[in-house]
Number of protein chains: 2
Amino acid sequence: MTESVRLDPVDLEILRLLQNDARTTYRDLAAAVGLAPSTCLDRVTRLRRSGLILGHELRLDPAKLGRSVEALLLVQVRPHRRDLIDPFVERVRALPESRSLFHLTGPDDYLVHVAVTGTADLQRLVLDEFTSRKEVARVETRLIFQHWSCGPLLPPQEPGPGPAG
Amino acid sequence: MTESVRLDPVDLEILRLLQNDARTTYRDLAAAVGLAPSTCLDRVTRLRRSGLILGHELRLDPAKLGRSVEALLLVQVRPHRRDLIDPFVERVRALPESRSLFHLTGPDDYLVHVAVTGTADLQRLVLDEFTSRKEVARVETRLIFQHWSCGPLLPPQEPGPGPAG
DNA sequence: GATGAAATTACGCCTAA
DNA sequence: TTAGGCGTAATTTCATC
């Protein structure tokens, strides 16, 4: 399940292109990597079957949906036991404001990325959905000024395994 | 640019379906919402032109790429001036370990989501790419136990605008 | 690679408000 | 008059051989 997938330079280039635009056609992939479209399809199908490609997702602009304020909530859930945290996780995931949820080490147990209509809506969310719960010991709210995605995710740079076999 | 887009119930259902699987065909969308495939194409094209749909992205499993440890880094950049933070942002975005970057309010200026091969790699990243920089005043590292995506992003529930015009 | 099947896309017409 | 929906046909993409 956590096994690494073997990838050659062509696979890496395909992954790079698809991370840049997941709708790149096999025809365009083929032109870029110098193979036939059908071969590119085979490659992508293999990457999909291997579990490396988990799926395709739509990237939306929350502001265009009327959710122009985004924030991160750092949440302590105490006591930190399964019978409390499992329902907490499911409740948070089901909130229409939630975008993403992390379970973390450190003083804060969870980090929740939320998108709301404004600061009043954020206050309501924090008070009514978090601090009002008795298992929520503390919430720290941080507004998001800006959010960037980063370059494509690729395997770590091999430092060169050396010539000996 | 930050204007909200007008959406009817059919648009919302299409957005919901596409967020569930961005590769849903127009034929399947059409069957689900009770319209013709060409009409669904028109709808999606409109959503795309409006800027609400920003793009399609590939969701990968970092562990399958050999990056089986993920962490969040809370970073203070001081002094917090454009001539220091702009290059910082670009450098962080270009790191092969970076997945996502936030500029925040609060005691920590930035939050960086990274994927590394292991804890040794994480230590190297923190020491060589962050704390070694003189503009980086502090880094706090939190391991990610688990990461969930949440339900589809939709407009806020209208509380009902009332019957009066 | 090639080929049939399927999906995508653009366009013109039609209906209803 | 205009916005939205439909159907069709040309093109492109998919999946199997």
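By convention in this document, chain letters (A, B, ...) are assigned in the order of the sequence lines, proteins followed by strands, and residues within each chain are numbered from 1.
Rounded to an integer number of Å, the gap from CZ of B/R46 to P of C/dT9 is 17 Å. Going from atom CG of B/D42 over to atom C1' of D/dA3 covers 11 Å, rounded to whole Å. Remark: P of D/dG4 and CG of B/L7 are 12 Å apart, rounded to the nearest angstrom. Between the CG atom of A/L35 and the C1' atom of C/dG1 there is a distance of 12 Å, rounded to whole Å.
There is no path of hydrophobic side-chain contacts, each under 4.5 Å, that joins A/V92 to B/I144.
Taking every heavy atom of residues 18-32 of chain A and every atom of DNA chain D, pairs under 4.0 Å involve A/T25, A/Y26, A/R27, by number.
When distances run from any side-chain atom of A/L41 to the nucleotides D/dC6, D/dA15, C/dA10, the shortest one goes to D/dA15. Distances were taken from every side-chain heavy atom of A/S38 (C-beta onward) to each of C/dA2, D/dG5, C/dT9; the shortest belongs to C/dA2.
Under the 3.5 Å distance criterion, the side-chain polar atoms of A/D86 are left unmatched by any main-chain donor or acceptor of A/D83.
Residue-environment remark: CD (B/Q123) stays at or below the threshold of 12 foreign heavy atoms within 6.0 Å.
Contact of the A/T117 side chain with the A/S68 side chain is not registered, since no non-hydrogen atoms from C-beta on lie closer than 4.5 Å.
B/R138 has a carboxylate O that lies under 4.0 Å from a charged side-chain N of B/D108, or vice versa, which qualifies the two as a salt bridge.
A ring-centre distance under 6.0 Å is not found for B/H147 and A/H103.
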